[in-house]
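Before any comments, here is the structure.
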Amino acid sequence: MSETNDLTSAEVRVWRAFPRGESVDFRAAENEDPALGDTWDTERTVRASVLRALLLKAPQEEGEIAALKIAGARITGVLDLKYATIDAAIRLSHCHFDGVPDLYGAQLRHLDLSRSVLPGLASATLRVEGVLRMTDCRMRGPVRLGGACISGALFMERAEFTAPDDSEPVLQLNQAAVGDDLWAPEMRAHGQVRLTGASVAGRINVQDAEFNKPGGTALDAQNLNVGAHIRARCLHAQGRVELRGSRISGRLDLLHAHLSHPGDTALRASSCVIGELWLRGGDRIEGALNLRRSQIEILTLEPEMLPDQVYLSNLTYTALTPHEPAERRLPMLERDGDRYEPYTYEQLTAAYRHIGDDDAARLVQLAKQRRRRTMLAWYGRLWGHVQDATVGYGFRPLRAAVWLLSLMTVGSIAYGLDHPRPIKADEAPDFNPVFYTLDLLLPVINFGQELAFAPDGWHQWLAYALIITGWILATTIVAGVTRLVSRQ
């Protein structure tokens, strides 16, 4: 090729260093910024076509391991390694690329682009036997890694991803497979990041990362499969975080996270299987929280982080932490899309019973009946109010004793001051105002007083009121106790 016959001095240095795996550093100063594209000279410029020829020709030196190691160079043209199989490791750090490297379908041993500036990366279905590093990279166009297979880890610490427009995601890892960790703390993405259908065998670390796509989906990670944890502490997301259908074996750690998508869903983790979900210590979520149909072993939810609207239907969890009074947990059920979802109350009740807090469990069940009452017809609501006022739907049994004692006191005083006349004076037992009142109040108990005496006037109306009240009270007690027993 003509490029190999007319090499510049910089390219000659690279060509000679390659067979021995030596590094070639073109940086004039320590930690020089590769973004200063207008300061490059020919002594630091390498043509992409020369690198391609070098990698494909792969000159060898006996007893040495070839590797391409360049730092601080300007790479002109397009590095086209499409469908190529490269055995040598490639490290192009602190470099400035004029063109978008094309690595579509390539098979590489190791690729390191740390601290380089690129106008994008075309590397769908890329295969890397070792590690892919993009630490501190600045990507000025879409990075296409869809379907990539990386046997080792993927490093993107402090990397920055931008694009001239939002016609496609700035980082595409859809259907990618990472055999180890995906390490990207403090990453910055100004546009959508797509991880749909991706598989990460180890951990994902996006602590202190920023995903910015206001009004759209900032992180699209539907059907993501993670073998360990996702560490997303102090994450900042402007736009939706989409995790629908994902499986996270370990912990989804969103401690101190800031999630914002006003007027829409900020976090959707519906139909997921997650070991632990931590939502604690961060700002209040701006937008809806959707956890429908998910299965979570340990759910850590801090009430202060919950938004005005949550969707929890068919959400299953074994433990709910931190332990909070039922009064602090119930509002999240009432915010569930203004719909009555019986299962959400049953799930919260089970969580309280799991830790032995029966009082809180009963309070949740009472709240459930009150919420259900709002969905009934007027007569159902009226009967519900009666049950609530008398025995608290069976969850306030002491109320029945208070009502009975109060009514018995009223009747005993009234009939004690003015005895009703006996029906048969020679056969009537001695009048007892307390037991006479109990005969009126308790429909299933007979002390022989009610049938022996006949009140008149207002005493008769009082008797009617006590009889009716007694029947209502007895019916509500039976209904409430039956409901309570059926829960045990």
For the side chain of [X] and the backbone of [Y], is there at least one donor-acceptor N/O pair under 3.5 Å apart?
X: Ser246; Y: Ala221; answer: yes
X: Arg335; Y: Pro307; answer: yes
X: Asp181; Y: Arg203; answer: yes
X: Asn212; Y: Pro214; answer: no
X: Thr135; Y: Ser114; answer: no
X: Thr8; Y: Glu11; answer: yes
X: Glu302; Y: Gly281; answer: yes
X: Gln192; Y: Thr217; answer: yes
X: Ser199; Y: Gln175; answer: no
X: Arg44; Y: Phe26; answer: yes

Would you say that [X] contacts [Y] through its side chain, given a criterion of any heavy-atom pair below 4.5 Å between the two side chains?
X: Thr196; Y: Asn223; result: no
X: Val117; Y: Phe97; result: no
X: Leu267; Y: Asn290; result: no
X: Leu320; Y: Thr300; result: no
X: Leu54; Y: Trp15; result: yes
X: Leu154; Y: Leu173; result: yes
X: Leu145; Y: Leu126; result: yes
X: Met156; Y: Leu171; result: yes

| field | Residue pair Glu129, Arg109: steps toward the salt bridge (charged side-chain N to carboxylate O under 4.0 Å, His left out) verdict | value | CA-CA 5 Å; Glu129 294 180 15; Arg109 182 177 299 278; 3.8 Å; yes
| Relative to each other, are the rings of Tyr83 and Tyr104 parallel, tilted or perpendicular (30° and 60° limits)? |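 Correct class here is perpendicular.
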| query | Can you list every pair that meets salt bridge (charged side-chain N to carboxylate O under 4.0 Å, His left out) and has a residue in residues 205-214, with sequence neighbours left out? | reply |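 Every pair satisfying salt bridge (charged side-chain N to carboxylate O under 4.0 Å, His left out) with a residue in residues 205-214: Asp166-Lys213, Arg188-Glu210.
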| query | Which pairs pass salt bridge (charged side-chain N to carboxylate O under 4.0 Å, His left out) with one or both residues in residues 234-249, sequence neighbours excluded? | reply | Arg240-Glu242, Arg240-Asp264, Glu242-Arg268
| message | Would Asp253 and His229 count as a side-chain hydrogen bond (donor to acceptor under 3.5 Å, both in side chains) here? Give the steps. | response | CA-CA 8 Å; Asp253 181 350; His229 309 304; over 6 Å; no
Measure across [X] and [Y] and return the closest heavy-atom pair with its distance rounded to 0.1 Å.
X: Ser294; Y: Cys272; result: OG-N, 3.0 Å
X: Thr162; Y: Val170; result: C-CG1, 3.9 Å
X: Cys95; Y: Ile70; result: SG-O, 3.9 Å
X: Ala257; Y: Ala232; result: CB-O, 4.2 Å
X: Cys137; Y: Leu113; result: SG-O, 2.7 Å
X: Ala326; Y: Leu363; result: CB-CD2, 3.7 Å

| query | Mind checking what makes side chain to side chain contact (heavy atoms under 4.5 Å, CB included) contact with Ala84, not counting sequence neighbours? | reply |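 Leu56, Leu81, Ile86.
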| message | Tell me every residue that passes side chain to side chain donor-acceptor pair (under 3.5 Å) with Arg280, counting only those two or more places apart in sequence or in another chain. | response |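 Listed in chain order: nothing, the list is empty.
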| task | Go through the steps to decide whether His323 and Asp357 satisfy the test side chain to side chain contact (heavy atoms under 4.5 Å, CB included), and finish with yes or no. | result | CA-CA 10 Å; His323 180 59; Asp357 193 344; 3.0 Å; yes
Interatomic spacing from [atom1] in [X] to [atom2] in [Y] - rounded to 0.5 Å:
X: Asp102; Y: Ser123; atom1: CG; atom2: OG; answer: 9.0 Å
X: Leu111; Y: Leu103; atom1: CG; atom2: CG; answer: 6.5 Å
X: Met187; Y: Glu157; atom1: CE; atom2: CD; answer: 11.5 Å
X: Leu252; Y: Ile296; atom1: CG; atom2: CD1; answer: 8.5 Å
X: Asp112; Y: Arg91; atom1: CG; atom2: CZ; answer: 6.5 Å
X: Met139; Y: Leu118; atom1: CE; atom2: CG; answer: 4.5 Å

With a 3.5 Å cut-off and sequence neighbours excluded, list the donor-acceptor pairs that the side chains of residues 312-319 form with protein atoms.
residue, atom, partner, partner atom, Å
Thr316, OG1, Tyr343, OH, 2.9
Thr318, OG1, Glu297, OE2, 3.4

| Between Asn174 and Leu195, is a side chain to side chain contact (heavy atoms under 4.5 Å, CB included) present by the stated rule, with each step listed? | CA-CA 4 Å; Asn174 45 297; Leu195 281 165; over 6 Å; no
| request: For the residue pair Arg233 and Gln207, confirm or rule out a side-chain donor-acceptor distance under 3.5 Å. | output: no
| query | Does CD1 belonging to Ile65 count more than 12 external heavy atoms closer than 6.0 Å? | reply | no
| query | If you count the non-hydrogen atoms of other residues, nucleotides and ligands that lie under 6.0 Å from CZ in Arg328, is the total more than 12? | reply |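 It does: Arg328 CZ has more than 12 such atoms within range.
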| request: Quick one: which residue pairs count as a ring-ring contact (aromatic ring centres under 6.0 Å, His included) with a foot in residues 249-296, not counting sequence neighbours? | output: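 Those involving residues 249-296 are His236-His258.
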| request: Given side chain to side chain contact (heavy atoms under 4.5 Å, CB included), test Leu301 with Leu306 step by step and report yes or no. | output: CA-CA 8 Å; Leu301 274 180; Leu306 293 176; 3.9 Å; yes
| field | salt_bridge(Arg16, Glu22) N-O dist < 4.0 Å | value |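 Answer for the salt bridge query: no.
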| query | Any salt bridge between Glu160 and Arg138, counting N to O under 4.0 Å? | reply |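 Salt bridge absent between Glu160 and Arg138.
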| said: The test is side-chain hydrogen bond (donor to acceptor under 3.5 Å, both in side chains); show your working for Tyr345 and Gln347 and say whether it passes. | reply: CA-CA 5 Å; Tyr345 288 88; Gln347 184 62 65; over 6 Å; no
| Evaluation steps, side-chain hydrogen bond (donor to acceptor under 3.5 Å, both in side chains), between Asp25 and Ser23 | CA-CA 6 Å; Asp25 194 341; Ser23 297; over 6 Å; no
